[in-house]
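Below you'll find the structure, written out as C-alpha cells, and then a few comments.
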Amino acid sequence: MIASAPWVVVLVGVAVLAVLLVVALLSFRGPESPSAWSPGPPVSLPTAGQGGESTPTARSTASTGPSASATSTASVSPTGSPSRSGSPEPPTDPSGTGSVVRPDASRSPSASAPAAPADEGGAVTASYRVQDSDDADHFEAQLVVRNGTSRSEDWQVELRFSGGVTGIRASSGPGVSVTIRGSGWYLLSGTGQLAAGAQQSVQLRFTRTGGGEYPTQCTVNGSGCGMG
C-alpha cells in the first residue's frame, strides 16, 4: 500500500519536520523578561528665595488620576483674619449704661435750594441836561439813562415841550429809536436792553422857533427824570 501511494509518505515526513521545527524554536526561546520601569521627571522641592519669598515649586506631571488633580486645584484659605459684617453696629451711650443711642431724625441735615439773589430795589433812571443853547434856531442836550436794577431792562423816555420845539435828532452808540407823537412830543427808546448797572448816553439836537430848552414833561418808564 505504501509502495502504491508514495505521496502519503512525503506528507507524513513534511508534517513530522514541521512539528520538530516548532518544538526546536520553543525550546530555544527564553522566558520573557518584564519591561524595565522608567522613572518619571524629578520633582523639585521649594527653596527659599531672596528677600524671604519662596520660589514656587514645579508641578509634578508623574502622578495621574483623581488624587493628583485634587491636590493641584486645592486652595488654602488664610485663617485668623477677622470677619466684618456689612452693617455697622449702632453707637452706645457714652455714660456706660449700655443703651443704644439712636440718631435723631430731626437733626439730619436737609438739602435746601439756594436762595435766589434778592433784588436790590433799584430802578431805571434818566437825567436831562442842556449843553448848548446859544443858537436861536437850535440847542443841544444830553440824556443819560441808567439801569439801577439787578437785571437787563428796556427803557423808554417821553419828552414834551410846551412850544417852539419843531424837530429832534438823536444819536447814541448802543442805538436809540425816536418816535414823534406830535408837535414837541417825542418818545425815545433803546434798540436793545440795558444791562444791569449800565448806562446809555444819548446826544439830542433840537430845532426851535423860540425858547424852551427844558421839557415840561420828562419820564423814563413812567417815572420822572432828573433835570440838570
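What you see is a predicted model; the values in this text were computed from it and never measured.
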Compare every heavy atom of [Y] with every heavy atom of [X], then report the nearest pair and how far apart it is.
X      : Y      : answer
Asn147 : Leu194 : ND2-O, 2.9 Å
Ala126 : Leu143 : CB-CD1, 4.2 Å
Ala196 : Ser150 : CB-C, 3.5 Å
Val157 : Cys218 : CG1-SG, 4.2 Å
Val202 : Ala170 : CG1-CB, 4.0 Å

Q.
Before you tell me yes or no, could you show the steps for Thr125 and Trp155 under side chain to side chain contact (heavy atoms under 4.5 Å, CB included), namely the whole-Å CA-CA distance, both residues' side-chain angles and the distance that decides it to 0.1 Å?
A. CA-CA 9 Å; Thr125 60; Trp155 63 268; over 6 Å; no
Q: Identify whether the distance between the nearest side-chain nitrogen and carboxylate oxygen of Arg208 and Glu213 falls below 4.0 Å.
A: yes
Report the distance from atom [atom1] of [X] to atom [atom2] of [Y], rounding to the nearest 0.5 Å.
X      : Y      : atom1 : atom2 : answer
Thr209 : Asp137 : OG1   : CG    : 9.0 Å
Arg205 : Arg169 : CZ    : CZ    : 5.5 Å
Gln199 : Arg146 : CD    : CZ    : 5.0 Å

(Q) Within the 4.5 Å heavy-atom criterion, are Val124 and Val145 side-chain neighbours or not? (A) yes
Q. Within a strict 4.5 Å, meaning less than it, do heavy atoms of the Gln131 and Gln203 side chains meet?
A. yes
Q. Within the side chain of Ser201, is there an N or O that forms a donor-acceptor pair under 3.5 Å with the backbone of Val144?
A. no
Q: Check for a donor-acceptor pair, side chain of Asp132 on one end and backbone N or O of Phe139 on the other, with a separation under 3.5 Å.
A: no
Do we see a donor-acceptor contact under 3.5 Å between the side chains of [X] and [Y]?
X      : Y      : result
Ser172 : Gln200 : yes
Thr166 : Thr207 : yes
Glu158 : Trp185 : yes

Q) Are Tyr214 and Phe161 close enough that their ring centres sit under 6.0 Å apart? A) no
Q) Among the clusters formed by ILVMFWY side chains lying less than 4.5 Å apart, do Val12 and Leu20 turn up in the same one? A) yes
Q) Is Leu11 reachable from Val8 through a run of hydrophobic residues whose side-chain heavy atoms are each under 4.5 Å from the next? A) yes
Sequence neighbours excluded and cut-off under 3.5 Å, please list the side-chain donor-acceptor pairs for residues 220-228, or say none.
unit_1, atom_1, unit_2, atom_2, d
Asn221, OD1, Gln156, N, 2.9
Asn221, ND2, Asp154, O, 3.1

Q | side-chain contact (heavy atoms from CB on, under 4.5 Å) partner of Leu159, the single match among Leu187, Thr219, Leu204 | A | Leu204
